[in-house]
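Here's the structure, in structure tokens; my notes come after.
Within every chain, numbering begins at 1; the chains are lettered A, B, ... in the order of the sequence lines, protein sequences first and strands thereafter.
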There are 2 protein chains.
Amino acid sequence: MTSTPGAVDMPEDGELKTPDRLRRRASRLLSHMSAKSDRLVTEGLARVDAHRWHYAVLASLEEYGPGSQATLSRRTGIYRSDMVGVLNELAGRGLVERAPDPGDRRRNVITITAQGRRLLRRLDKILDDLHDELLAPLLPAERDQFVRLLTRLLDHHTHQARPAP
Amino acid sequence: MTSTPGAVDMPEDGELKTPDRLRRRASRLLSHMSAKSDRLVTEGLARVDAHRWHYAVLASLEEYGPGSQATLSRRTGIYRSDMVGVLNELAGRGLVERAPDPGDRRRNVITITAQGRRLLRRLDKILDDLHDELLAPLLPAERDQFVRLLTRLLDHHTHQARPAP
DNA sequence: CCGTTGCGTTAGTCGAACTAACGATGTACA
DNA sequence: TGTACATCGTTAGTTCGACTAACGCAACGG
């Protein structure tokens with residue numbers, strides 16, 4: 001029975017405050033921080049007309065050398081359906097080169113160009129700055145630990161529960 | 001045998017391994033862990049025919065009492081456009097009640113029902129279990145610290161950079 | 001030789017976040 | 001008092017990223 005007086009007065013606090021049980025849930029924290037981080041990075045890269053994907057592919061190419069599109073897909077986690085478009089863009093800007101693999105004609109071999117490397121350095125710098133902003137409230141040691149904890153979590157889940165690639 | 005000198009040989013490592021600079025980026029770690037966590041929670045709740053949103057609204061109602069749809073929107077972060085549908089579902093199942101506010105005829109006052117509270121407890125239990133799975137590789141103390149770090153990050157970004165409500 | 005597997009590609013689904021606009025109502029104040 | 005402006009619930013629609021389905025082609029294995 002809500003006929004008691006004051007049924008409909010909401011405490012001014014309750015207007016803005018998010019419930020504690022909600023705020024503490026790691027899943028919610030993760031999802032919100034990830035959203036924030038995504039926006040930050042996406043906007044930061046958009047300012048130089050780049051995409052998360054571009055960075056991932058270029059970094060993968062520089063670190064492990066040329067590879068087929070499928071290989072890049074697996075390394076970066078970008079679906080091979082989407083990889084096509086990403087590589088079209090990168091190739092269109094002269095950041096990578098796409099050539100048929102002489103040894104296996106199903107494959108394209110993707111190679112990073114000098115220009116690609118140059119952009120990669122620039123993006124690396126930009127991302128460093130963005131991460132400074134992202135992790136601003138944490139001390140250096142805390143940032144390290146944060147990254148370590150996240151890494152352990154992710155490793156656990158990617159190595160253990162590999163669903164069905 | 002690749003007859004061309006070294007042109008197309010990719011080190012077997014490079015097939016699977018994600019570049020280090022990529023793997024260490026907090027933004028990437030966050031985004032992947034968040035995806036994992038989202039899947040886990042979404043699937044877990046789907047098993048009892050519930051949604052993340054349902055939980056958020058019910059928790060908010062129990063913790064801060066009844067409120068208008070707009071209020072719930074602000075508390076939970078669910079857009080008020082989407083709130084309509086969520087409340088339709090909740091009301092359809094008798095988990096909340098929607099009544100016109102006698103004091104302000106623009107508003108509906110949303111109240112949680114006894115049944116709603118019962119479901120909330122059940123969902124709380126389910127989420128606890130899912131979080132155990134999510135944070136499995138971390139020791140209790142580490143889980144706490146992880147949550148603390150995340151909380152500080154999120155607080156920083158939500159209180160400082162409030163874009164345009 | 002043939003069934004299976006991997007490749008690049010096109011097209012399209014799905015769900016979540018978000019915007020735009022609306023009618024009805026409430027508030028502030030000249 | 002009137003009138004400009006803000007807020008509420010709601011409908012509709014956009015955007016974008018993750019993901020599926022299916023294809024034609026080439027390579028591999030028995």
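Where A/His51 and B/Arg98 meet DNA chain D, the nucleotide closest to each residue was compared, and B/Arg98 sits on the side nearer the 5' end.
Residue A/Tyr79 places at least one side-chain N or O under 4.0 Å from the OP1 or OP2 atom of D/dT20. Close to D/dA22, at under 4.0 Å from its OP1 or OP2, lies no side-chain N or O of A/Arg80. Dashed line: the shortest gap from a side-chain N or O of A/Arg107 to OP1 or OP2 of C/dT9 is not under 4.0 Å.
What separates CG of A/Leu30 from P of C/dA16 is a distance of 17 Å, to the nearest Å. Nucleotide D/dT10 holds its C1' atom 13 Å from the CD1 atom of B/Ile110, rounded to whole Å. Spacing between atom CG of A/Asp101 and atom C1' of C/dG6 amounts to 13 Å, rounded to whole angstrom units. Nucleotide D/dC16 holds its C1' atom 16 Å from the CG atom of B/Asp38, rounded to whole Å. Atom CD1 in B/Ile78 sits about 16 Å away from atom C1' in D/dT10, given to the nearest Å. Atom CE in B/Met33 sits roughly 16 Å away from atom P in D/dA18 (whole-Å rounding). For the pair B/Gln69 CD and C/dA24 P, the interatomic distance rounds to 18 Å; values are reported in whole Å. D/dA26 atom P lies 11 Å from atom CZ of A/Arg106, rounded to whole Å.
Residues A/Asp129 and A/Lys125 are paired through a salt bridge, judged by an N-O separation under 4.0 Å between the basic side chain and the carboxylate. One finds a salt bridge joining B/Glu62 and B/Arg121 here, because a Lys/Arg side-chain nitrogen approaches an Asp/Glu carboxylate oxygen to under 4.0 Å. At a threshold of 4.0 Å, the pair A/Glu142-B/Arg152 counts as salt-bridged, since one of the basic side-chain nitrogens sits closer than that to a carboxylate oxygen.
Counting all heavy atoms, side chain and backbone alike, A/Leu150 lies closest to A/Leu30 at CD2-CD2, 4.3 Å. Between A/Asp101 and A/Val109, the shortest heavy-atom contact is CB-CG2, 3.5 Å. Here the closest non-hydrogen pair linking A/Glu133 and B/His157 is O-CE1, 3.4 Å.
Counting heavy-atom neighbours within 6.0 Å of B/Glu97 CD, excluding the residue itself, gives a total of 12 or less.
Of the candidates C/dG8, D/dG17, D/dC8, the closest approach to any side-chain atom of A/Asn108 belongs to C/dG8. Looking at the side chain of B/Trp53, the nearest of the listed nucleotides D/dG9, D/dG17, C/dA17 is C/dA17. With D/dG9, C/dT9, D/dA27 as the candidates, the nucleotide lying closest to the side chain of A/Asp104 is D/dA27.
Interface residues of residues 81-92 of chain A facing DNA chain D, ordered by number: A/Ser81, A/Asp82; criterion, heavy-atom separation under 4.0 Å.
A donor and an acceptor atom never sit less than 3.5 Å apart when one is taken from the side chain of B/Arg105 and the other from the base of C/dT25.
Note on A/Arg52: nothing from the nucleic acid sits closer than 4.0 angstrom, heavy atoms only.
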